[in-house]
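All residue numbers refer to positions in the sequence shown, counting from 1. Below, all heavy atoms of this structure are taken into account, side chains as well, without hydrogens, waters or symmetry copies.
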Amino acid sequence: MSVYEPNFRHLREVLIFCFNMKKSAAEAHRMLSNTYGEAAISEKTYREWFQRFKNGDFDVEGRHSGGREKVFEDAEFDTLLV
């Protein structure tokens, strides 16, 4: 195995390639796990990304996970963020 450790963006881009090659999420997971070992993401994550691709969403940038936004009560600290 190579010394290269993929980042999430690289893995997502490779997933688009697998998707366009008509591979299933399970096949893509198997291929990338064999190639990158533990650096590969879970099969569940592959299925989620393949669903996005099926819906026409090919944006591979990281996204907010959907949880509640952080709220700061300290006005002084809040002004530092602006």
Side-chain angles (χ1 to χ4, degrees):
M1 179 162 36
S2 153
V3 178
Y4 174 74
E5 289 223 11
N7 60 35
F8 288 120
R9 181 186 172 106
H10 171 80
L11 291 173
R12 292 172 191 151
E13 290 169 342
V14 173
L15 285 181
I16 291 175
F17 173 78
C18 293
F19 178 80
N20 287 327
M21 293 292 296
K22 308 293 186 216
K23 302 291 183 191
S24 69
E27 289 175 303
H29 180 258
R30 220 174 359 265
M31 289 171 31
L32 273 69
S33 292
N34 287 339
T35 304
Y36 295 122
E38 291 188 21
I41 50 184
S42 73
E43 186 174 343
K44 178 184 175 210
T45 303
Y46 285 57
R47 288 192 307 268
E48 291 169 355
W49 278 95
F50 269 54
Q51 188 58 50
R52 287 181 185 187
F53 301 154
K54 286 177 187 174
N55 293 333
D57 180 4
F58 293 94
D59 182 12
V60 294
E61 294 298 322
R63 296 187 181 163
H64 180 16
S65 61
R68 184 173 165 224
E69 295 274 331
K70 291 184 179 180
V71 177
F72 298 100
E73 294 181 17
D74 186 345
E76 195 172 291
F77 182 72
D78 200 28
T79 58
L80 292 174
L81 296 175
V82 177

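Applying the side chain to side chain donor-acceptor pair (under 3.5 Å) test to pairs two or more places apart or on separate chains, those with a residue in residues 14-26 are Ser24-Glu27.
Scanning for side-chain hydrogen bond (donor to acceptor under 3.5 Å, both in side chains) contacts around Glu13 gives Arg9, with sequence neighbours left out. With sequence neighbours excluded, the residues that form a side-chain contact (heavy atoms from CB on, under 4.5 Å) with Lys44 are Ser42, Arg47, Glu48. Listed by chain and number, the residues in a side-chain contact (heavy atoms from CB on, under 4.5 Å) with Asn55 are Gln51 (sequence neighbours excluded).
The line from CG of Leu15 to NE2 of His29 is 10.0 Å long, rounded to the nearest 0.5 Å. Atoms CZ and CD1, on Phe50 and Ile16 in that order, are 10.0 Å from each other to the nearest 0.5 Å. Expressed to the nearest 0.5 Å, how far CZ of Phe19 lies from OH of Tyr46 amounts to 15.5 Å.
Closest approach of Asp59 and Asp57 over heavy atoms only: N-OD1, 3.1 Å. Taking each heavy atom of Arg12 and Trp49 in turn, the nearest pair found is NE-CZ2, 2.9 Å.
Phe17 and Tyr4 fall into different hydrophobic clusters, defined by Ile, Leu, Val, Met, Phe, Trp and Tyr side-chain heavy atoms under 4.5 Å apart, directly or through other members.
Residues Leu32 and Pro6 are not in side-chain contact: their nearest non-hydrogen atoms beyond the backbone lie 4.5 Å or more apart.
The aromatic rings of Tyr36 and His10 stand perpendicular to each other, their planes meeting at an angle above 60°, with 30° marking the opposite boundary.
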